Amino acid sequence: MPNAMDIRLRRAENILDVAFDDGSRFALPAEYLRVESPSAEVQGHGPGQKVILAGRRHVGIIRVEPVGHYAVRIAFDDLHDTGIYSWDYLHQLGRDQARIWAEYEAALAARGLSRDPPVRGRHP
């Protein structure tokens with residue numbers, strides 16, 4: 001399992017940069033991290049229970065906190081902060097980002113959902 005050597009938040013861009021001891025480096029957008037949160041709220045409590053979150057295009061990261069020597073907890077500005085992102089999970093998200101993101105966008109489309117937050121006060 002690769003270990004994270006450097007984690008930097010680019011707050012203005014809503015990007016978390018993670019460098020690993022195997023030489024890999026990933027730029028992980030806040031929206032991507034939020035919709036793929038390892039929390040039970042998103043992943044469910046068993047296979048096939050994953051929730052597809054819509055409307056998170058503009059979500060930001062408030063803070064990144066270490067959890068021991070193996071993970072970080074990310075607090076988002078939509079008040080979600082229960083996911084613990086292990087080094088292994090962050091590495092997987094970076095390594096498989098194109099596939100995971102394509103699957104997420106396909107799941108949104110299949111449900112008629114959008115990455116954009118709903119516009120308040122507008123009715124169909």
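For clarity, every value in this text was computed on a predicted model and none was experimentally measured.
- Counting only residues at least two apart or in different chains, ring pair (Phe, Tyr, Trp, His ring centres under 6.0 Å) contacts with residues 36-89 are absent.
- Counting only distance, with no hydrogens or angles, the side chain of Tyr104 and the backbone of Leu53 share a donor-acceptor pair below 3.5 Å.
- Under the 3.5 Å distance criterion, the side-chain polar atoms of Arg57 are left unmatched by any main-chain donor or acceptor of Ser114.
- In plain terms, the two heavy atoms of Val72 and Pro66 that are nearest each other are CG1-CA, 4.2 Å.
- Looking at Lys50 and Glu41, no side-chain N of the basic residue comes within less than 4.0 Å of a carboxylate O on the acidic one, giving no salt bridge.
- Of all non-hydrogen atoms in Leu28 and Gln97, the two that sit nearest each other are CD2-OE1, 3.8 Å.
- Inter-residue side-chain proximity for Ile7 and Leu16 is flagged as met; some heavy-atom pair is nearer than 4.5 Å.
- In terms of modelled atom types and a separation under 3.5 Å, the side chain of Asp77 and the main chain of Gly60 share a donor-acceptor contact.
- Side-chain contact of Ser86 with Asp88: a donor-acceptor pair under 3.5 Å is absent, judged by distance alone.
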| query | So Asp81 and Arg73, salt bridge (Lys or Arg N to Asp or Glu O under 4.0 Å) or not? Walk me through it. | reply | CA-CA 7 Å; Asp81 66 356; Arg73 172 175 291 134; 6.0 Å; no
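- Cluster partners of Met5, using a side-chain heavy-atom cutoff of under 4.5 Å among ILVMFWY residues and allowing indirect links: none.
- The backbone N or O of Ala19 lies less than 3.5 Å from no partner atom in the side chain of Asp6, so there is not a single donor-acceptor pair.
- Between Pro2 and Asp21, the shortest heavy-atom contact is CA-OD1, 3.5 Å.
- Other residues, nucleotides and ligands contribute at most 12 non-hydrogen atoms within 6.0 Å of the CZ atom of Arg8.
- Ionic pairing of Asp17 and Arg25 is not present here: no N-O contact between side-chain nitrogen and carboxylate oxygen is shorter than 4.0 angstrom.
- With hydrogens and angles ignored, the 3.5 Å screen pairs a side-chain donor or acceptor of Gln49 with a backbone N or O of Gly46.
- The shortest non-hydrogen separation linking Ile61 to Asn14 is N-OD1, 3.8 Å.
- Under the side chain to side chain contact (heavy atoms under 4.5 Å, CB included) criterion, Arg95 pairs with Phe26, His91, Gln92, not counting sequence neighbours.
- With hydrogens and angles ignored, the 3.5 Å screen pairs a side-chain donor or acceptor of Gln43 with a backbone N or O of Ser37.
- In this structure the side chain of Arg111 reaches within 4.5 angstrom of the side chain of Ile52, judged on heavy atoms.
- Within the 3.5 Å criterion, the main-chain N or O of Tyr32 finds no donor-acceptor partner in the side chain of Arg34.
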